[in-house]
Colleague: 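Below you will find the structure I want to go over with you.
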Amino acid sequence: MPPNSAILLEPVTASGDAAGRRGVAVLGRATIRHASVDAPILLLVYGLLRLIDGLDGAYGRSLAWNLAHLALLASLVLFALLAVAVRPLAPSGARLVAALAVTATVAGTVCFLWTATGFLSSAIGAVTPLPAPLRSAGPLLFSLGMLTLLGLLVASRRAPAWSPLLFGAGFAAMLIDRDFLLPAALILLAALAPLARPRSGDAGHRPVRQR
């Protein structure tokens, strides 16, 4: 190989790395835009189907019940993906806090998924019930993780100051009573909607320079 071949290869490698980073950034922004809206909407669908299932005065193993919990499972997965996607947007001095917040959110999501799977399948729920300590720890971890991430987004000017306040109110309403699911889902949607708006400085939304 000629002596200068390594030098010739460096720009290509650097260019490839830069393109890869831009691709990851664009994918992350797409995940944030979709998950920030789709997750609360699916939670709203869960609430609506749960309401339909209870029209006969009882909640049970019906089509609406199964569809409701499938919507809940999808919503929870999207909340976890949203947490992972917003982590790189945290201030550079708070990367460790952001990583811990993502871990807490994902752990809380797993607890919720565990419970929801048990509702879908009585056999699974009977064989592997969620341990009692995790029933309380799961919601706490999820809410603390999401609120911390939203607070970091406020610090980096990626979200308005009222976003974590609304999220906390919506999540609290959902925990107080499941009958509050519909308004709670709408509050969560309002809290996360600002994340779905593209920003001029984000990857994939930069103005094209005229030459």
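Keep in mind it's a predicted model, so treat the numbers as computed, not measured.
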Colleague: Is the backbone N or O of Leu42 less than 3.5 Å from a side-chain atom of Ser75, with the two atoms forming a donor-acceptor pair by type?
Modeller: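 No; zero donor-acceptor contacts below 3.5 Å.
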Colleague: What closest approach, in Å, do Pro194 and Pro160 show between heavy atoms, and which atom pair accounts for it?
Modeller: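 Shortest heavy-atom separation between Pro194 and Pro160 comes out as CB-CD, 3.6 Å.
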Colleague: Would you give the length of the straight line joining atom CG of Leu188 to atom CE of Met146, rounded to the nearest 0.5 angstrom?
Modeller: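 The CG atom of Leu188 sits 8.5 Å away from the CE atom of Met146.
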Colleague: Going from CG on Leu73 to OG1 on Thr109, what distance comes out if it is rounded to the nearest 0.5 angstrom?
Modeller: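 Result: 11.5 Å between the selected atoms.
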Colleague: Going by heavy atoms in the side chains, are Leu134 and Trp114 under 4.5 Å from each other?
Modeller: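 Of all side-chain heavy-atom pairs linking Trp114 with Leu134, at least one is under 4.5 Å.
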Colleague: If I compare all heavy atoms of Pro40 with all of Ala35, which pair ends up nearest, and what's the gap?
Modeller: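 Shortest heavy-atom contact: CD-O, 3.9 Å.
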Colleague: So do the side chains of Val86 and Arg158 get within less than 4.5 Å of each other, counting heavy atoms only?
Modeller: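 With C-beta onward as the side chain, the pair stays apart.
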Colleague: If you group Ile, Leu, Val, Met, Phe, Trp and Tyr by side-chain heavy-atom gaps below 4.5 Å, do Leu76 and Leu70 land in one group?
Modeller: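 Shared cluster, yes.
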Colleague: Quick one: pull up CG in Leu181 and CG in Leu49 and give me the separation to the nearest 0.5 Å.
Modeller: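 Leu181 atom CG to Leu49 atom CG measures 11.5 Å (nearest 0.5 Å).
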Colleague: Quick one: sort the Phe142 and Phe79 rings into parallel, tilted or perpendicular, breaks at 30° and 60°.
Modeller: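 Phe142 vs Phe79 ring planes: perpendicular.
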Colleague: For the residue pair Thr148 and Leu100, establish whether any side-chain heavy-atom pair is separated by less than 4.5 Å.
Modeller: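 Answer no - side chains too far apart.
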Colleague: Stepwise, does the side chain to side chain contact (heavy atoms under 4.5 Å, CB included) test hold for Thr31 with Val84?
Modeller: CA-CA 9 Å; Thr31 301; Val84 173; over 6 Å; no
Colleague: Verify the cluster assignment for Phe167 and Phe112: are they in a single hydrophobic cluster under the rule of side-chain heavy atoms below 4.5 Å apart?
Modeller: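 Yes, same cluster.
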Colleague: Can you tell if the side chain of Thr105 reaches within under 4.5 Å of the side chain of Leu82, non-hydrogen atoms only?
Modeller: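 Not touching, per the 4.5 Å side-chain cut-off.
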Colleague: As a quick check of understanding, evaluate side chain to side chain contact (heavy atoms under 4.5 Å, CB included) for Arg50 and Asp179, giving each step before the final call.
Modeller: CA-CA 9 Å; Arg50 186 177 178 277; Asp179 291 336; 3.8 Å; yes
Colleague: Is it possible for you to say whether Ile187 and Trp162 belong to one hydrophobic cluster, with membership spreading through side-chain heavy-atom contacts below 4.5 Å?
Modeller: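 In one cluster: yes.
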Colleague: Measuring only between side-chain heavy atoms, which start at C-beta, is Leu189 closer than 4.5 Å to Leu44?
Modeller: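 The answer is no, as the side chains (C-beta and beyond) never meet within the 4.5 Å cut-off.
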Colleague: Decide whether Leu149 and Leu147 are clustered together by the hydrophobic rule: side chain heavy atoms of Ile, Leu, Val, Met, Phe, Trp, Tyr closer than 4.5 Å, transitively.
Modeller: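 Yes, Leu149 connects to Leu147 through the hydrophobic network.
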Colleague: Check the pair Leu48, Leu182 against side chain to side chain contact (heavy atoms under 4.5 Å, CB included), reporting the backbone distance first and the verdict last.
Modeller: CA-CA 7 Å; Leu48 287 170; Leu182 297 182; 3.8 Å; yes
Colleague: Is there a side-chain contact between Leu153 and Ser163, using heavy atoms and a 4.5 Å cut-off?
Modeller: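 No, every pair of side-chain atoms sits at 4.5 Å or beyond.
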Colleague: Can Leu89 be reached from Leu150 by stepping across I, L, V, M, F, W or Y side chains whose heavy atoms are under 4.5 Å apart?
Modeller: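 Linked within one cluster.
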Colleague: Is there side-chain contact between Val102 and Val106, with at least one heavy-atom pair below 4.5 Å?
Modeller: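 When only atoms from C-beta onward are counted, Val106 and Val102 do touch, with a gap below 4.5 Å.
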Colleague: If I take atom CG from residue Leu81 and atom CD1 from residue Ile32, how far apart are they, to the nearest 0.5 angstrom?
Modeller: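 The CD1 atom of Ile32 is 11.0 Å from CG of Leu81, to the nearest 0.5 Å.
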Colleague: Measuring from atom OG1 of Thr117 to atom CG of Leu72, what distance do you get when rounded to the nearest 0.5 angstrom?
Modeller: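 The OG1 atom of Thr117 sits 9.0 Å away from the CG atom of Leu72.
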Colleague: Would you please classify the geometry between the Trp65 ring and the His69 ring as parallel, tilted or perpendicular, with 30° and 60° separating the classes?
Modeller: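 Ring orientation, 0 to 90° scale: tilted.
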Colleague: Grab the two heavy atoms, one from Ser92 and one from Arg95, that are nearest each other, plus how far apart they are.
Modeller: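 Scanning both residues completely, I find the closest heavy atoms to be O-CG, 3.3 Å.
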Colleague: Working to the nearest 0.5 Å, report the span between NE2 of His34 and CG of Leu78.
Modeller: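 Going from NE2 on His34 over to CG on Leu78, the span is 10.5 Å.
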Colleague: If you count every heavy atom of other residues, nucleotides or ligands that lies below 6.0 Å from Arg178 atom CZ, does the total exceed 12?
Modeller: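 No, because the 6.0 Å sphere around CZ of Arg178 holds 12 heavy atoms or fewer from other groups.
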Colleague: Is any side-chain heavy atom of Leu141 closer than 4.5 Å to a side-chain heavy atom of Cys111?
Modeller: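 No. Closest side-chain heavy atoms not under 4.5 Å.
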Colleague: So which atom in Ala94 and which in Leu152 form the shortest heavy-atom distance, rounded to 0.1 Å?
Modeller: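 In terms of heavy atoms, the two residues are closest at CB-CD2, 3.7 Å.
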